[in-house]
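Beneath this line is the structure, given in structure tokens, with notes to follow.
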2 protein chains.
Amino acid sequence: MDDVARLAGVSVSTVSHVLNGTRNVNPATRQRVDAAILEIGYRRNVVARSLAAGRTHTVGLSIAALTNPYFGSLVHAVERRLSEAGYVLILGDSHDEPQPERRVTDSLLDRQVDGMILAPAAGSEVSTIPEIVRSGTPLVLIDRMLDVPCDQVGPENDASAYELTAHLLDSGHRRIAIVRGIEGISSTTERFDGYARALADRGIELDPRLVLDGRSSVEVAESRVRELMSGTDRPSALVSMNNSMTIGSLKAVRGLGLSIPADLAFVCYDDFEWSDLFEPRLTAAAQDVQTIGRTAADLVLRRIEGHEDAPRSIRVPTTFTHRNSCGCTAADKPVAPRR
Amino acid sequence: MDDVARLAGVSVSTVSHVLNGTRNVNPATRQRVDAAILEIGYRRNVVARSLAAGRTHTVGLSIAALTNPYFGSLVHAVERRLSEAGYVLILGDSHDEPQPERRVTDSLLDRQVDGMILAPAAGSEVSTIPEIVRSGTPLVLIDRMLDVPCDQVGPENDASAYELTAHLLDSGHRRIAIVRGIEGISSTTERFDGYARALADRGIELDPRLVLDGRSSVEVAESRVRELMSGTDRPSALVSMNNSMTIGSLKAVRGLGLSIPADLAFVCYDDFEWSDLFEPRLTAAAQDVQTIGRTAADLVLRRIEGHEDAPRSIRVPTTFTHRNSCGCTAADKPVAPRR
DNA sequence: GTGAAAGCGCTAACAT
DNA sequence: ATGTTAGCGCTTTCAC
């Protein structure tokens, strides 16, 4: 910057101001500075700038499991919004475990991110979240809601799971198994509650043997479903509570030589881009990932800009998409919109 | 850091050294420093550290299109390796256009990334790449190879495309259409060459009407395929050269009420995790995304550590997976390994 | 084994 | 409209 200043015959402070547009500069001066910058091939050092200015124009994103394509789309949506706002995304993967998560968030905090978006692992509230709050860094939770006072965005879980289950019940199914997600996070609990409530509303007792812990993993879901479907009294229907477990469940079903929906009615939470193109076509509750990601980004940006109002908890509705994996007679006909 | 030093009764330089393990410190002193750090709840400022030390421990990744799940997995693989090595990932999306790409890479350079991984958009070599090279930042190209002297990692394209096409030819198809990717990048060119070479080897003339420009986009591929398949002399087979265009092609096919492989044999470059689970099951050439991502990360890391040997160009082999969308009689039987 | 102090490349308050 | 300069919070050389 010194060199630029010298070449343009001005002071570094003028260079800084033309660079940032932070005060009026005589057009002629500006010209000389711009020319000097070009001639030298000067590039501003954002690290120094961040240190001096006290902000980095970065937002940290700690994702629970990048292996899950759902989180991939979330990253995309967040990145898009942030870059529109002139911010940059620093990405970390917590592998859905408290220890790595803490490492990721510590590293982000050390790097002085202006804000943080966190898809919390189970147990975040004991160590990770208090630490972030203590640092004073604006925080927004994504995908999984927690009972802590900060901005949160997630999908509607309970009602959507209810709807999926009710759909199977309405088609006459009575033994409906569920593959539920990783323990200790809201999305798992809420989706399970929706399932349980749908059964209760129809006066059907919840059979614990039909409750499978898929731990949000392809492999675990596959082995649980394989066990269940290899047993003697198999369910007539299955609801999978996220996309990884859907893949796992279908691997198991296919592995056993069963077919959907003939041998097993199937519905799932989370949709795929290609769901309309392949058989069986999955009846699913689709999250609006773009909206969730964008909203999360908007929320941090607001906080970064200094808004101090009460924390918001935003639920983004899902879309129930009726296809043929549920095997019901109404298959392929549009269904009445939910409430 | 001053506060910590004062509380521990040492100098800041000692604090710095215990923090970084950069020189011997009396165990007792170290204890006092650690205690002080804990008591104050001190957190190092990595921005200041980066400025003073001249390195940021960050690597920038500019991806061509985060909408493509293939690149999502690439991000994942790269992040994993970098975080293992104590580096942090800064992510940007170029939307496969030169201008946004330049903005992304400029921003990464301004942020003093220690190294950069770039999935180049068409036209990168005119502005983006020279600029990065000029900055002296270690650069590795990913997915798309260019005729520039820097490290590069990408999939094997030509031979895999040849194999896909040859497979259709060997099943008796003579009119084989291709949906090729975005213009001006190596993967498109090389995959097209593989296709053309397979035809030529069988003495079949390339029919330009069967060459569709899908521009690596779901929508464009869909409309091109729809046009072609609505026409009078339809091909008997189609090869799609990446996963986005595969989705697009299948949308078109389904939209026209045609079925695969009965009405159209279909094979594609790029595989999906669920390809075994749904019908039609795609015969595909699967990239080893994990290896590509990991290798790219390893290469930048090497450069960052100062290795100065000649640029490497690494091709990662694909896996031909034979399923039933090609409609050939040998379907589902394993195929002889390539060469 | 430890400390003092000179930067790293900027921003922004204060002057003029 | 422009310049001077004191930091920002560290690392690292040099000295003891």
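Chain letters run A, B, ... following the sequence lines, proteins first, then strands; residues in each count from 1.
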In whole angstroms, how far is the [atom2] atom of [N] from the [atom1] atom of [X]?
{"X": "A:Arg55", "N": "D:dG9", "atom1": "CZ", "atom2": "C1'", "value": "19 Å"}
{"X": "B:Asn20", "N": "D:dT11", "atom1": "CG", "atom2": "C1'", "value": "8 Å"}
{"X": "A:Asp3", "N": "C:dC8", "atom1": "CG", "atom2": "P", "value": "12 Å"}
{"X": "B:Asn26", "N": "C:dT2", "atom1": "CG", "atom2": "C1'", "value": "10 Å"}
{"X": "A:Arg30", "N": "D:dT2", "atom1": "CZ", "atom2": "P", "value": "9 Å"}
{"X": "B:His17", "N": "D:dG9", "atom1": "NE2", "atom2": "C1'", "value": "15 Å"}
{"X": "A:Arg43", "N": "C:dC8", "atom1": "CZ", "atom2": "P", "value": "20 Å"}
{"X": "B:Arg111", "N": "C:dC8", "atom1": "CZ", "atom2": "P", "value": "22 Å"}

Quick one: label [X] by what it contacts on the DNA or RNA (base, sugar-phosphate, nothing), any heavy atom closer than 4.0 Å.
{"X": "A:Asp2", "result": "nothing"}
{"X": "A:Val46", "result": "nothing"}
{"X": "B:Thr22", "result": "nothing"}
{"X": "A:Ser50", "result": "nothing"}
{"X": "A:Ser13", "result": "base"}
{"X": "B:Val47", "result": "nothing"}

query: Would you say the base of D:dG3 and the side-chain of A:Arg23 have a donor-acceptor pair closer than 3.5 Å?
result: yes

query: Can you find a side-chain donor-acceptor pair between A:Arg111 and B:Asn45 that sits under 3.5 Å?
result: no

N or O in side chain of A:Ser16 less than 4.0 angstrom from C:dC10 OP1/OP2: no

Please tell me which of the listed nucleotides, [options], lies nearest to the side chain of [X]?
{"X": "B:Tyr42", "options": "D:dG3, D:dC10, C:dT11", "value": "D:dC10"}
{"X": "A:Leu51", "options": "C:dG9, C:dG7, D:dA1", "value": "C:dG9"}
{"X": "B:Thr14", "options": "D:dT2, C:dG3, D:dT11", "value": "C:dG3"}
{"X": "B:Met1", "options": "C:dG3, D:dT11, D:dA1", "value": "D:dT11"}

message: Here's a test for you: under salt bridge (charged side-chain N to carboxylate O under 4.0 Å, His left out), which of A:Asp114, A:Asp298, A:Asp309 qualifies with A:Arg303?
response: A:Asp309

message: By nearest heavy atom, map B:Ala52 and A:Val15 onto DNA chain C; which one lands nearer the 5' end?
response: B:Ala52

task: May I ask you to test the B:Val59-B:Val88 pair for a side-chain heavy-atom distance under 4.5 Å?
output: no

Comparing A:Val12 and A:Pro27 on DNA chain D - which has the more 5′ nearest nucleotide: A:Pro27

query: Under the 3.5 angstrom rule, does the side chain of A:Gln112 hit a backbone N or O of A:Leu108 as a donor-acceptor pair?
result: no

field: Lys/Arg-Asp/Glu bridge criterion (N-O < 4.0 Å) met for B:Asp34, B:Arg30
entry: no

field: Stepwise side-chain contact (heavy atoms from CB on, under 4.5 Å) test for A:Ser62 and A:Met116
entry: CA-CA 8 Å; A:Ser62 168; A:Met116 190 122 114; 5.7 Å; no

